[in-house]
Undergrad: 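Below you will find the structure I want to go over with you.
Heavy-atom basis, side chains included; hydrogens, waters and symmetry copies ignored. By convention in this document, chain letters (A, B, ...) are assigned in the order of the sequence lines, proteins followed by strands, and residues within each chain are numbered from 1. These figures come from a predicted structure and were not determined experimentally.
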Amino acid sequence: MEERIAQPAAVAAPPTFLRANAEAIAFVVMAVGLAVAPFFTYPLFLMQAMCFALFACAFNLLIGYVGLLSFGHALYFGWASYLAAHAAKVWGLTPELAILTGTATAAILGLVAGSLAIRRQGIYFAMITLALAQMMFFFALQAEFTGGEDGIQAVPRGYLFGLIDLRNDVAIYALVLFVFLGGFLLIYRIIHSPFGEVLKAIRENEPRAISLGYKTDRYKLIAFILSAALAGLAGSTKAIVMQLASLTDVNWPMSGEVVLMTLVGGLGTIFGPVVGAFVILAMQFKLSVVGEWVLVIQGVIFVTCVLLFRRGIVGEITARFKS
Amino acid sequence: MSADIILETEDLTKEFAGFAAVGGVDLRVRRGSIHALIGPNGAGKTTCFNLLTKFLSPTRGRIVFKGQDITAMQPADVARLGLVRSFQISAVFPHMTVLENVRIALQRLRGNSMDFWRSRAVLDQYNDRAMALIADVGLTEFTNWAAVELPYGRKRALEIATTLALDPEMLLLDEPTAGMGHEDIDRISQLIRRVAANRTVLMVEHNLSVVSDLSDTITVLTRGRVLAEGDYETVSNNPDVREAYMGVGHA
Ligand SMILES: Nc1ncnc2c1ncn2[C@@H]1O[C@H](COP(=O)(O)OP(=O)(O)O)[C@@H](O)[C@H]1O
Ligand SMILES: [Mg+2]
């Protein structure tokens, strides 16, 4: 008999309170931290960082939990921000409806792009998502309503539900915090749902999932649409906060940046993309004095992460904590 | 086609770059039987399974399951019809627990797998059924183990439990006892006999004592073609079979 001596798996060990509730505790710390952070640093920076954090979390849902690498996620982030900005400025919609418009746009774009890409595997999948994003970038560059190089500027923040003036610093901050935490919790729920369980099975062994009768393409497509829509939610919110929608958010370096954020923070960890987004953004902020060199520094970080810290910041910490 | 034939193929052929891995196979599997597919390595047995479950598309030929032509179907739909396969290389979800592996199958059957807004806790309703299936294959003490940590024989048992969770009418098992020690082989073959009580089993198997023990019908495949068919007596006395297959020992 080749059977090895039975060794109990990690799951069998009785978890301490801290371990069992580590995620809940981390969430509370994060929520409270973000609520009091404006007393210590620039609220505008924080709001922007939360938008990017949600964007990275949405991206991570796809790469970390389905194993699909989208190389064109700026498409959903950027186009949602255009539509939200347009809806608020030209159509005069209230901010929540403008954000909804942007999110819905991203969901539809996700449906189209996802349907085209999902049947392809690995690098081909990434290439199709990139190609579609580039196509839509040129469209954004040419289209009238996007304002070309200027973007859509002076987007009114408006009145939330027609009631709350978002020019108020506390109100806008509260809205962004709410959107971020809400989006984060939704992603957490998706990952820990019956649907998320199937995603996990597909990532672990797709042929087996198919042989059990799962139409795996359909699950991947739904995950893709959810990811695109949440990226859109982030982009729309950013447009209202920054009062601007521009080519930067729809261009390919933005797609690369979200990969970087996720990788630095920890791919496939729930908090990783949040940490990654804050780290990268803070770095860009601090290093803005060195100009273009920030790109070189980012490149070095990227390579370092890939070579030395594949698990990212949060991934490394959890691994230490477990052992 | 007669009512007691659950699966039938006609001129089933798969060519890879002109080479016929499976060439003109006419197979008829009786409902409720244990049917073994044997033959030397490279005979086309796994390819046959891939064709039957639509993981490969045939170059030519027809597949009829429960009176329905499934030749053009998607693999997931074939599984939903009740024709479920296992794989030659053990197929489990490695980083999910034994319980979670079985629940994935139950969840598909009972249908709330698209619910992304609900808590995973709703899956606890399947625990009792899952535990019963796990007990059936003797894995109770491993319930909370990650599948990847299981010894090889136990992985195969888990795979069978997961497959049985779908309560399929017909089971395709690709070398269920390959690479196992005696004890595991005995356990698995008893299990196959038990689960075959109310369903059909088609299995690829190299271990001839398992084959003679379990099978009602044996089909011998060599170089993609059917060489002989019948019960163990008939097949083992067939001179062609003795020369082509038994002669070289069981590979
Ligand atoms: N995808 C494939 N492409 C090319 N040749 C293949 C493929 N799959 C199987 N074959 C060939 O078909 C023949 C039958 O293989 P297989 O069905 O795996 O045999 P068995 O399971 O009976 O050992 C072998 O010669 C194998 O090399
Ligand atoms: Mg084989």
Undergrad: So which of A:Lys215, A:Lys200, A:Glu197 has the biggest tally of heavy-atom pairs under 4.5 Å with chain B?
TA: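 If we count pairs closer than 4.5 Å to chain B, A:Glu197 comes out on top.
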
Undergrad: Indicate the atoms forming the closest heavy-atom contact of B:Ala76 with A:Tyr214, along with that distance.
TA: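 That would be CB-O, 3.5 Å.
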
Undergrad: Does CZ belonging to A:Arg119 count more than 12 external heavy atoms closer than 6.0 Å?
TA: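 12 or below, so no.
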
Undergrad: Can you confirm whether A:Phe309 is buried at CZ, in the sense that more than 12 heavy atoms of other residues, nucleotides or ligands lie under 6.0 Å from that atom?
TA: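 Open.
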
Undergrad: Between A:Ser193 and B:Arg118, which heavy-atom pair has the shortest distance, and what is it?
TA: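 Residues A:Ser193 and B:Arg118, closest heavy atoms: CB-O, 3.0 Å.
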
Undergrad: For the candidates B:Arg85, B:Lys54, B:Met96, which exhibits the highest count of non-hydrogen atom pairs separated by less than 4.5 Å from chain A?
TA: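 Result: the option with the highest number of such pairs is B:Met96.
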
Undergrad: Tell me the closest heavy-atom pair linking A:Phe195 and B:Gln107, and the distance in Å.
TA: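 Scanning both residues, the minimum pair turns out to be N-NE2, 4.3 Å.
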
Undergrad: State the CG-CZ distance between A:Leu212 and B:Phe93, to the nearest 0.5 angstrom.
TA: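 Between atom CG of A:Leu212 and atom CZ of B:Phe93 there are 5.0 Å.
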
Undergrad: Calculate, to the nearest 0.5 Å, the distance between atoms CG and CZ belonging to A:Leu199 and B:Phe116 respectively.
TA: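 CZ of B:Phe116 is found 11.0 Å from CG of A:Leu199.
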
Undergrad: Is chain A contacted by the side chain of B:Thr163, its backbone, both, or neither, given a heavy-atom distance below 4.5 Å?
TA: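 Looking at B:Thr163, backbone and side chain both touch chain A.
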
Undergrad: Please report the interatomic distance CZ(A:Arg189) to OG(B:Ser119), rounded to the nearest 0.5 Å.
TA: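 Going from CZ on A:Arg189 over to OG on B:Ser119, the span is 4.5 Å.
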
Undergrad: Has A:Phe178 got more than 12 heavy atoms of other residues, nucleotides or ligands less than 6.0 Å from its CZ?
TA: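 Atom CZ in A:Phe178 is not packed in, count stays at 12 or less.
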
Undergrad: How far apart are the closest heavy atoms of A:Pro194 and B:Asp115, and which atoms are they?
TA: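 For A:Pro194 versus B:Asp115, the nearest heavy atoms are CD-O, 3.3 Å.
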
Undergrad: Are the side chain of A:Arg208 and the backbone N or O of B:Glu159 linked by a donor-acceptor pair below 3.5 Å?
TA: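 Checking the backbone N and O of B:Glu159 against the side chain of A:Arg208, a donor-acceptor pair under 3.5 Å is found.
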
Undergrad: Out of B:Leu123, B:Leu166, B:Ile104, B:Val84, return the one with the most heavy atom pairs under 4.5 angstrom to chain A.
TA: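 When all of B:Leu123, B:Leu166, B:Ile104, B:Val84 are compared, B:Ile104 has the most.
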
Undergrad: Is it the side chain or the backbone of B:Thr53 that comes within 4.5 Å of chain A heavy atoms, both, or neither?
TA: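 Neither the backbone nor the side chain of B:Thr53 comes within 4.5 Å of chain A.
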
Undergrad: With a 4.5 angstrom heavy-atom cut-off, is it the side chain or the backbone of A:Leu226 that approaches chain B, or both, or neither?
TA: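 The answer is the side chain of A:Leu226.
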
Undergrad: Would you say A:Phe71 has more than 12 foreign heavy atoms packed within less than 6.0 Å of its CZ?
TA: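 No - once you tally the heavy atoms of other residues, nucleotides and ligands closer than 6.0 Å, there are 12 at most.
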
Undergrad: Heavy-atom cut-off 4.5 Å, strictly under: side chain, backbone, both or neither for B:Tyr152 against chain A?
TA: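 Neither part.
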
Undergrad: In this structure, are over 12 heavy atoms from other groups packed under 6.0 Å from B:Gln125 atom CD?
TA: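 Above 12, so yes.
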
Undergrad: Step through the shown structure and confirm whether more than 12 heavy atoms of other residues, nucleotides or ligands are within 6.0 Å of CD1 on A:Ile123.
TA: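 Counting neighbours around CD1 of A:Ile123, 12 or fewer heavy atoms of other residues, nucleotides or ligands fall under 6.0 Å, so no.
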
Undergrad: Which atoms of B:Val92 come close to chain A, meaning under 4.5 Å heavy atom to heavy atom: side chain ones, backbone ones, both, or neither?
TA: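 The backbone, not the side chain.
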
Undergrad: Looking only at heavy atoms and a cut-off of under 4.5 Å, which of B:Glu100, B:His95, B:Met180 has the most pairs with chain A?
TA: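 If we count pairs closer than 4.5 Å to chain A, B:His95 comes out on top.
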
Undergrad: Above 12 or not: heavy atoms from other molecules or residues under 6.0 Å from CZ of A:Arg310?
TA: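 At most 12 heavy atoms, drawn from other residues, nucleotides or ligands, come within 6.0 Å of this atom.
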
Undergrad: Just give me the residue among A:Gly213, A:Ala209, A:Ala201 that pairs up with chain B most often, heavy atom to heavy atom, under 4.5 Å.
TA: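 Ranked by contacts with chain B, first place is A:Gly213.
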
Undergrad: So which of A:Asn205, A:Ile222, A:Ile190, A:Leu186 has the biggest tally of heavy-atom pairs under 4.5 Å with chain B?
TA: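 It is A:Asn205.
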
